[in-house]
Protein chains: 2
Amino acid sequence: MYSGSIKMNSSRRKLNDAGKRFTPQRALVMDIIRQGRGHLDADEIFRRARERESRLSLSTVYRTLHMLKELDMVDELHFGENHHHYEAKPAREHHHLVCLGCGRVIEFSYPLSRYLKKAVPEMKGFDINEVEISVAGYCDRCRRARRR
Amino acid sequence: MYSGSIKMNSSRRKLNDAGKRFTPQRALVMDIIRQGRGHLDADEIFRRARERESRLSLSTVYRTLHMLKELDMVDELHFGENHHHYEAKPAREHHHLVCLGCGRVIEFSYPLSRYLKKAVPEMKGFDINEVEISVAGYCDRCRRARRR
DNA sequence: ATGCAATTGCAAATCATTTGCAATAATAAT
DNA sequence: ATTATTATTGCAAATGATTTGCAATTGCAT
């Protein structure tokens, strides 16, 4: 099935260290998430994976996504829909602008968790695990189009 | 069914102005969301409503939630689960800390959208409709309990 | 090479939400 | 007040997203 990539070996190591097996299915899903440059949902990952390996099952995709999330190798994003999106763990903290017009996702880097820890008193004593912010609105293009 | 409340008349007005009817079912759902002090999900709203009006249907709850969201009378919150939570439109912008240990939700007021508009260059030209931030982690109590 | 436990595919189950439709009821017009 | 109009309701069935049980398969440590 899928084999080569720069990250493969380090992925294999991470899985094995966690007592997991490095299977072709998992390598494939990881690769697609990486290539996807963020923001694919489970079904889209499944469809793309299937093009390469037609016997792959949707359950395996879901199971893999869970595991990768657990091992902190992907982030699960919530855009206010009733399904989630996934992206490879990014190097720097960043967040997303979702355009309600065209669905486009714009990334912006911002160390929000660091900022909030300082700015919000309620954060004292709260052990932050993850900060997720999503901003919905209309991007430049769509904004122009809307006000006729 | 349900009848009196300080806000009833203003709700009725808002609905009627939007060409909607003010039905007992809708009044009931609105009341429960308000009493719920935020953070109820659709099913919990349904269960509580059913205690007062056993013939109410779940579809009506969903339909009402949609409508209230549309009319900007409730906010829909996304805590990274595969269902949503609802709260009556709050007076001041605030956000949520969700404890992964006990599920407790801690609110904090913070004018984040105003701040972000200034701090993030990518926001230029983006017409912000809604900002939602959720912070997951462990609250004071659970944090103590976890490190044994 | 071998054995055992982890993982897979498949189908069926479950959970969250939506929809079609005939019956009912809120509002506007009389 | 009565009536006509049309939105809304309850119910059951449909859909969409995710999870689970299980027998067959396959990684990986030995």
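Below, all heavy atoms of this structure are taken into account, side chains as well, without hydrogens, waters or symmetry copies. Sequence lines set the chain letters: A, B, ... in the order given, protein chains first and strands last, and positions in each chain run from 1.
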Q. C:dA6 P sits how many Å from A:D17 CG, rounded?
A. 16 Å

(Q) Tell me whether the rings of B:F79 and B:H85 are parallel (<30°), tilted (30 to 60°) or perpendicular (>60°). (A) tilted

**Q.** B:H66 vs A:R50, nearer the 5' end of DNA chain C by closest nucleotide
**A.** A:R50

Q. Between the base of D:dT8 and the side chain of B:T60, is there any donor-acceptor pair under 3.5 Å?
A. no

Q) Relative to the 5' end of DNA chain D, which residue comes earlier, A:D41 or B:L58, by the nucleotide with the nearest heavy atom? A) B:L58

Q: Give the ring-plane orientation class for A:Y115 versus A:Y110, where under 30° counts as parallel, over 60° as perpendicular and anything between as tilted.
A: perpendicular

Q. Nearest of D:dA17, D:dG27, D:dC11 to any side-chain atom of A:P24?
A. D:dG27

**Q.** Minimum-distance nucleotide to A:S59 side chain [options: C:dT17, D:dG10, C:dA11]
**A.** C:dA11

Q.
Looking only at the side chain of A:K20 (C-beta and beyond, no hydrogens), which of the listed nucleotides C:dT7, C:dA16, D:dC28 gets closest?
A. C:dT7

Q: Choose from C:dA6, D:dA7, C:dA16 the nucleotide whose nearest atom is closest to any side-chain atom of A:R21.
A: C:dA6

(Q) Taking the nucleotide of DNA chain D with the nearest heavy atom to each, does B:R26 or B:S54 sit closer to the 5' end? (A) B:R26

Q: Side chain of A:R55 only, please: which of D:dT18, C:dG9, D:dA12 is the nearest?
A: C:dG9

Q | Closest to side chain of A:Y62, choosing from C:dT27, C:dT7, D:dA17 | A | D:dA17

